[in-house]
Amino acid sequence: MSTTTTYPLSQRVQNMEESATIKMAQMARELKAEGHDVISLSLGEPDFDTPDHIKEAAKKALDEGYTKYTPVPGLNVLRKAIQAKFKRDNNLDFGINQIVVSNGAKQSIANLSLALLNEGDEVIIFAPFWVSYSEIVKLGGGVPVLISAGIDSDYKVTAEQVEAAITDKTKAVLFSSPCNPTGSVYTADELDAIATVISKHEDIFIIADEIYEYINFSDKHVSIGAFPQVKDRTITVNGFSKGFSMTGWRLGYIGAPAWIASACAKIQGQFTSGANAFAQKAAAYALEADMGPTTEMRKAFLKRRELVIEMLSAIPGFKVNNPKGAFYSFPDISAFFGKSDGETTIETADDFCEYLLHKAHVAVVTGSAFGADNCFRLSYAASEETLKEAINRIAEACSKLK
Ligand code: PMP
Ligand code: GLU
């Protein structure tokens, strides 16, 4: 019997998908707990610990009494550090009143959805997209409008596609660059063209998720909000989870027009209040301190990318992209559709991932969760040894599909 017929849950939650990344990671944990030798490359989480100097700053903050409620939009010391970071790294000029710190970039995006959307407002999402975008938009009463690009376009949509998707209901455009799940990075020219299209519609906002900013193997990171034609209409989302390996600290933030920032703070003031006090103090320190550990992590991800791309490309039937950032590979495996190992027939990317989980004991996430039915996502935030073992297992399982 389905939950909907058993419990009187809200339509809102019934309409919402469970997070596929979190679900897969949990399934892998459970199989492991049962004694199976499962390698999980499902969750987008750096495998490195938070750098020591940041942990020390948090311990110091605790000793200094950063143990109380914080101002809802964030501690001043952190907002000032973010303001300086936006200027230093992104050429973005925000006043302190335009910055809101939240419990993760996920909450930042949820605040925006609740603050900006009315029932039926459309949000154009570039697909493949991070699993939570569509569900957060729906939670805010909005309608996700997906525009897609396949592997042959490096998974990047064009300004023309954006233009064609705009209607009189469009409220915002939402995307990540570097992108989760593809690792693709939009170039300055591509962002400029998209910005120009949007600048022609004065009531459309851009929500630019730049959480993988520091894991960029190509040119210097470019923020779409720095283009003059959209600078007053762009909300830049970022956070500490990826670049500083601080996923469990739960800290994200936005830089936004002041009226949007204060609406987000208003919502947050009723939902969660200000984020964790000592974590914020340490995060302020992280932004101003030595970025050496972040650079080292990026180098390690780059080395792993080379390994993963080489090994995956060698598997017959795999079409592999060359991600310029983040820590994901997003192969197209549609060549396996219709094939079978004599026991299981693969019809979809979901089947393929299930097959890998049960036959190779490797957990990855189906592309369908990211709006790409021919693909799957492999997170290479794992040691080289683990990655080699996992991909060897994948190759062996795939060789049985005829
Ligand atoms: N945006 C993207 C593209 C992500 O991959 C993630 C990963 N969790 C988030 C936002 C949210 O990050 P967090 O809530 O940990 O700051
Ligand atoms: N963003 C990460 C991922 O895509 C973490 C899990 C989540 O929040 O979805 O796997």
Side-chain angles (χ1 to χ4, degrees), residues 16-29 40-47 50 74 78 82 100-113 123 125-137 139 155 173-186 207-216 221 224 235-254 264 268 271-272 275-276 279-280 283 286-287 301 323 325-330 353 363-372 375-382:
M16 196 175 148
E17 297 290 335
E18 185 181 350
S19 166
T21 51
I22 290 178
K23 185 174 163 190
M24 199 58 171
Q26 184 55 27
M27 257 166 89
R29 270 184 216 121
S40 181
L41 304 179
S42 55
L43 197 63
E45 175 168 53
D47 51 319
T50 304
L78 177 56
I82 291 168
V100 180
V101 177
S102 301
N103 297 289
K106 201 178 251 181
Q107 189 188 17
S108 302
I109 299 166
N111 283 341
L112 287 165
S113 172
V123 177
I125 298 175
F126 299 1
F129 61 92
W130 177 45
V131 288
S132 295
Y133 289 164
S134 52
E135 306 316 297
I136 292 175
V137 164
L139 203 57
Y155 296 119
V173 169
L174 169 58
F175 69 102
S176 61
S177 177
C179 174
N180 176 4
T182 62
S184 298
V185 176
Y186 282 82
I207 304 175
D209 181 348
E210 304 186 355
I211 196 160
Y212 294 95
E213 168 183 11
Y214 292 139
I215 311 170
N216 183 340
H221 177 79
I224 191 167
I235 301 118
T236 304
V237 179
N238 210 323
F240 292 86
S241 287
K242 316 293 173 174
F244 296 99
S245 204
M246 291 170 66
T247 45
W249 297 57
R250 309 308 305 128
L251 282 180
Y253 57 88
I254 56 164
C264 288
Q268 190 164 295
F271 264 60
T272 58
N276 174 305
Q280 287 193 59
L287 285 179
F301 285 131
F327 39 68
Y328 306 109
S329 169
F330 201 64
C353 293
V364 291
V365 186
T366 174
S368 64
F370 304 97
C375 303
F376 78 92
R377 188 188 80 173
L378 177 149
S379 162
Y380 54 83

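The residues of the chain are indexed from 1 along the displayed sequence. Order of listing sets the numbers, starting from 1, for every ligand and every atom in it.
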Open item on the list: Test of understanding: with ring-ring contact (aromatic ring centres under 6.0 Å, His included), list the residues that count as partners of Phe330, not counting sequence neighbours.
Closed with: Tyr155, Phe370

- [ ] Could you tell me whether the side chain of Val101 reaches within less than 4.5 Å of the side chain of Leu251, counting heavy atoms only?
- [x] yes

Task: Beyond-backbone contact of Asn111 with Ser102, side-chain heavy atoms, under 4.5 angstrom - done: yes

- [ ] List, ordered by chain and residue number, the protein residues whose closest non-hydrogen atom lies under 4.0 Å from any atom of ligand 1.
- [x] Gly104, Ala105, Lys106, Trp130, Tyr133, Asn180, Asp209, Ile211, Tyr212, Ser241, Lys242, Arg250

- [ ] Check each protein residue for a heavy atom under 4.0 Å from ligand 2 and list those that pass, ordered by chain and number.
- [x] Ser19, Thr21, Leu43, Gly44, Lys106, Trp130, Asn180, Lys242, Tyr328, Arg377

Task: Listed partners of Tyr328 passing ring-ring contact (aromatic ring centres under 6.0 Å, His included), at least two apart - done: Tyr212

Open item on the list: A side-chain contact here means heavy atoms from C-beta on lying under 4.5 Å apart; do Pro323 and Tyr380 qualify?
Closed with: yes

TODO: Report yes if the side chains of Ser42 and Val364 come closer than 4.5 Å at any heavy-atom pair, otherwise no.
DONE: no

Open item on the list: Just so I know, are the side chains of Leu112 and Leu174 near enough to count as touching, which here means a heavy-atom distance under 4.5 Å?
Closed with: no

Task: Atom pair CG (Leu287) and CG (Leu78), whose distance is rounded to the nearest 0.5 Å - done: 6.5 Å

Open item on the list: What I'd like to find out is whether the side chain of Ile254 reaches to under 4.5 Å of the side chain of Cys264, using heavy atoms alone.
Closed with: yes

